[in-house]
Amino acid sequence: MAGRLPSAAHGAVFGLTMAVFYSGLMSAVFTLIARGWSIDALIPWLRAWALGVAIAAPAGVVLRPLALAIADALTRPATS
């Protein structure tokens with residue numbers, strides 16, 4: 001299919017996607033805890049999310065192999 005990235009990019013795309021999702025979720029939770037549920041929390045949340053993505057995106061790509069290695073070491077291999 002045209003417009004798709006090569007399969008070698010799967011790990012980076014996965015790490016970036018998870019970084020966006022998790023940083024959005026966590027920044028929303030902590031912003032709402034700090035400011036309460038109101039429209040006034042929207043701009044601070046978006047700023048926190050932008051900062052979170054800037055930190056989490058490179059970390060998600062760089063730390064993914066380490067997280068996979070830890071998960072592999074702590075779990076049993078699948079049996080066929």
Side-chain angles (χ1 to χ4, degrees):
M1 180 188 296
R4 294 185 69 171
L5 296 171
S7 60
H10 182 271
V13 170
F14 179 79
L16 291 171
T17 303
M18 290 304 294
V20 169
F21 289 157
Y22 273 107
S23 62
L25 176 64
M26 296 308 297
S27 61
V29 167
F30 289 123
T31 300
L32 292 175
I33 288 170
R35 299 184 68 95
W37 185 261
S38 72
I39 194 67
D40 295 333
L42 181 62
I43 298 301
W45 168 62
L46 290 173
R47 286 186 182 138
W49 191 3
L51 179 59
V53 169
I55 294 167
V61 173
V62 171
L63 297 177
R64 182 180 178 275
L66 176 61
L68 286 172
I70 291 170
D72 288 346
L74 295 175
T75 58
R76 289 178 282 177
T79 57
S80 301

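Start at 1 with the first residue, then count along the sequence.
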**Prompt:** Going through the checks in order, is the side-chain contact (heavy atoms from CB on, under 4.5 Å) test met by Leu42 and Trp45?
**Reply:** CA-CA 5 Å; Leu42 181 62; Trp45 168 62; 3.8 Å; yes

Which atom pair, heavy atoms only, marks the closest approach of [X] to [Y]?
X	Y	value
Gly36	Ala41	O-CB, 3.8 Å
Ala56	Ser23	CB-CB, 4.3 Å
Val61	Ala12	CG2-O, 3.9 Å

**Item:** Side-chain hydrophobic cluster, 4.5 Å single linkage: members besides Val29
**Value:** Leu25, Met26, Phe30, Ile33

**Request:** Nearest 0.5 Å please: distance from the CG atom of Leu46 over to the OG1 atom of Thr31.
**Result:** 9.0 Å

Do [X] and [Y] belong together in a cluster built from hydrophobic side chains that touch within less than 4.5 Å?
X	Y	answer
Phe14	Tyr22	yes
Leu63	Ile70	yes
Ile39	Leu32	no

